[in-house]
Amino acid sequence: MISEFIKQHKLSDAFKDIATQYYIPLAEEISSHHKSAQNTYFVGINGSQGSGKSTLSEFIKAYLTEAHSLNVVVMSLDDFYFSHAKRHSLAANIHPLLQTRGVPGTHNMEQAQTVLNALRQQLPATVPRFNKATDDPHPTANWTTISEAIDVVIFEGWCWGVHAQTAEQLKTPVNKLESEQDKEAVWRTYANTQLSLHYATLYSYMNKWVMLSAPSFEDVYAWRLEQEQKLIAASGSGNHSGLMNEQQILDFIQYYQRLTEHGLNTLPATCDHVFKLNSKRKIVEHIKKDVHE
């Protein structure tokens, strides 16, 4: 099963050791807790851009499906991004930086709550899909339709689980983007407020929290660049209008820096499992706390 997963996702052979030592025990724990809960079990996964959270999510799904015959759905916060047109409206009415997808306030969290509610009640649901190559949602015909009861829901996201900062923390810019384009802190304050009002309220759905912890924000640039190159390769000769070059990536990740660093500082204390990564994305430490048991 691991070998097939490696082949399907074009991973290195090193993934076999990671899966055996860390991911399978985590999946077994999730299976055990699902049986105890006798209801849909929700797992939240946090990880910076390019940290491997999508791979972890898909592996847990594949393993639980094959080893335990469970019905598993994986959702990404990224798939709830507003359309380009909707973000254009936010940019015109609130702050120009909201045109760019990324921070809280650029996701449709009302839609996310509707989906999570339906899955918790084991009702049919439709999960949106976002196309980063075009910077717009896929046509609704390509969304994921769920018609049967789900055993395990995995919800992953770069800022999923992160809580709002204080007003004092918002005062000081963390990078050039904030100091030059958000001098009055309107953009970051808006994102922070949205995080508090519409994201944190959904965290309670999660029964277990897992974090892939980057060594520092500096490593995120290299990971995100690699991620973009894979997107370009995967989209072939199609529409690349939403994809970016190296300089654009460097500019783009500044949108994520504040909350990524805030999450790295705060989330380890509240997650049940923290997988600490080195710059090569190798797990160098596993901290298990069972905070939510």
Side-chain angles (χ1 to χ4, degrees), residues 42 44-49 51 53 75-120 127-130 132 135-137 153 155-175 177-206 209 211 217 220 224 242 251-267 270-271:
F42 292 80
I45 297 181
N46 173 278
S48 62
Q49 293 179 305
S51 62
K53 58 187 178 298
M75 294 192 295
S76 172
L77 182 62
D78 289 358
D79 281 323
F80 291 92
Y81 277 128
F82 281 130
S83 67
H84 192 273
K86 172 63 176 178
R87 284 179 279 122
H88 180 75
S89 176
L90 291 173
N93 294 312
I94 300 170
H95 193 282
L97 289 179
L98 290 169
Q99 177 67 67
T100 299
R101 69 177 190 264
V103 299
T106 60
H107 304 94
N108 188 339
M109 296 312 289
E110 182 178 347
Q111 186 179 46
Q113 182 168 15
T114 297
V115 172
L116 288 172
N117 271 331
L119 294 176
R120 185 160 67 176
V127 183
R129 293 182 60 222
F130 191 85
K132 291 181 179 177
D135 198 28
D136 262 319
V153 175
F155 197 115
E156 56 96 346
W158 76 273
C159 64
W160 191 236
V162 178
H163 286 274
Q165 293 187 296
T166 65
E168 187 65 30
Q169 288 174 308
L170 292 173
K171 287 181 180 179
T172 306
V174 299
N175 55 33
L177 176 81
E178 292 190 356
S179 63
E180 294 185 356
Q181 298 185 53
D182 190 34
K183 293 179 181 179
E184 304 301 320
V186 173
W187 170 71
R188 55 189 185 266
T189 299
Y190 176 80
N192 199 60
T193 301
Q194 296 303 303
L195 187 65
S196 178
L197 292 177
H198 303 299
Y199 293 67
T201 54
L202 301 187
Y203 297 164
S204 62
Y205 283 76
M206 303 296 112
W209 283 97
M211 180 184 191
F217 187 75
V220 176
R224 186 61 182 84
D251 295 338
F252 181 60
I253 63 169
Q254 291 189 57
Y255 288 78
Y256 296 76
Q257 183 172 353
R258 172 176 291 278
L259 289 180
T260 296
E261 292 182 332
H262 180 53
L264 290 174
N265 289 330
T266 59
L267 279 179
T270 62
C271 286

Enumerate, atom names and distances included, each donor-acceptor pair closer than 3.5 Å involving a side-chain atom of residues 113-120, sequence neighbours excluded.
| unit_1 | atom_1 | unit_2 | atom_2 | d |
| --- | --- | --- | --- | --- |
| Thr114 | OG1 | Glu110 | O | 3.0 |
| Asn117 | OD1 | Tyr205 | OH | 2.5 |
| Asn117 | ND2 | Gln113 | O | 3.4 |

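- Nearest heavy atom pair, residue Asp135 against residue Arg101, reads OD1-NH1, 2.7 Å.
- You'll find the side chain of Tyr256 stays beyond 4.5 Å of the side chain of Arg224, heavy atoms only.
- Put simply, the side chain of His163 does not reach to within 4.5 Å of the side chain of Thr270, judged on heavy atoms.
- A donor-acceptor pair under 3.5 Å is absent between the side-chain atoms of His95 and the main chain of Ala185, judged by distance alone.
- A donor-acceptor pair under 3.5 Å is absent between the side-chain atoms of Asn192 and the main chain of Ala164, judged by distance alone.
- Here the CE-CD1 distance, from Met211 to Ile45, works out to 12.5 Å after rounding to the nearest 0.5 Å.
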### Task
Could you walk me through whether Val103 and Trp187 pass the side-chain contact (heavy atoms from CB on, under 4.5 Å) test, one step at a time?
CA-CA 9 Å; Val103 299; Trp187 170 71; 3.3 Å; yes

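- Rounding to the nearest 0.5 angstrom, the gap separating the OG1 atom in Thr266 from the CD atom in Glu261 is 11.5 Å.
- Applying the salt bridge (Lys or Arg N to Asp or Glu O under 4.0 Å) criterion to Asp182, with sequence neighbours excluded, gives Arg188.
- Exactly one of Phe82, Phe80, Phe130, Tyr199 qualifies for a ring-ring contact (aromatic ring centres under 6.0 Å, His included) with His107. That residue is Tyr199.
- The heavy-atom pair separating Ala200 from Ser196 by the smallest distance is CB-O, 3.9 Å.
- Pairing each heavy atom of Leu98 with each of Arg87, the nearest pair is O-CB, 3.5 Å.
- With contacts defined as side-chain heavy-atom distances shorter than 4.5 Å, the pair Arg258/Asn175 does not qualify.
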### Message
Quick one, Trp160 with Tyr203, criterion ring-ring contact (aromatic ring centres under 6.0 Å, His included). Give me CA distance, side-chain angles, the key distance, then yes/no.
### Response
CA-CA 8 Å; Trp160 191 236; Tyr203 297 164; 5.1 Å; yes

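- With rounding to the nearest 0.5 angstrom, the OG1 atom of Thr100 is 11.5 Å from the CD atom of Gln254.
- In terms of heavy atoms, Gln111 sits closest to Asn108 at N-OD1, 3.0 Å.
- For the atom pair CG of Leu90 and CG of Leu97, the computed distance is 12.0 Å after rounding to the nearest 0.5 Å.
- Between Tyr255 and Leu177, the closest side-chain pair of non-hydrogen atoms falls below 4.5 Å.
- Partners of Asp78 under the side-chain contact (heavy atoms from CB on, under 4.5 Å) rule, at least two apart in sequence or in another chain, are Ser76, Tyr81, Lys132, Trp158.
- Among all heavy-atom pairs drawn from Pro104 and Leu259, the shortest one is CD-CD1, 3.5 Å.
- Formation of a donor-acceptor pair under 3.5 Å by the Ser48 side chain with backbone atoms of Ser51 is not found in this model.
- Across every non-hydrogen atom of Lys53 and Gly157, the tightest pair is CE-C, 3.6 Å.
- Gln257 contributes atom CD, which lies 4.5 Å from atom CZ of Phe217 (distance to the nearest 0.5 angstrom).
- Distance CD/Gln194 to CE/Met109: 10.0 Å, rounded to 0.5 Å.
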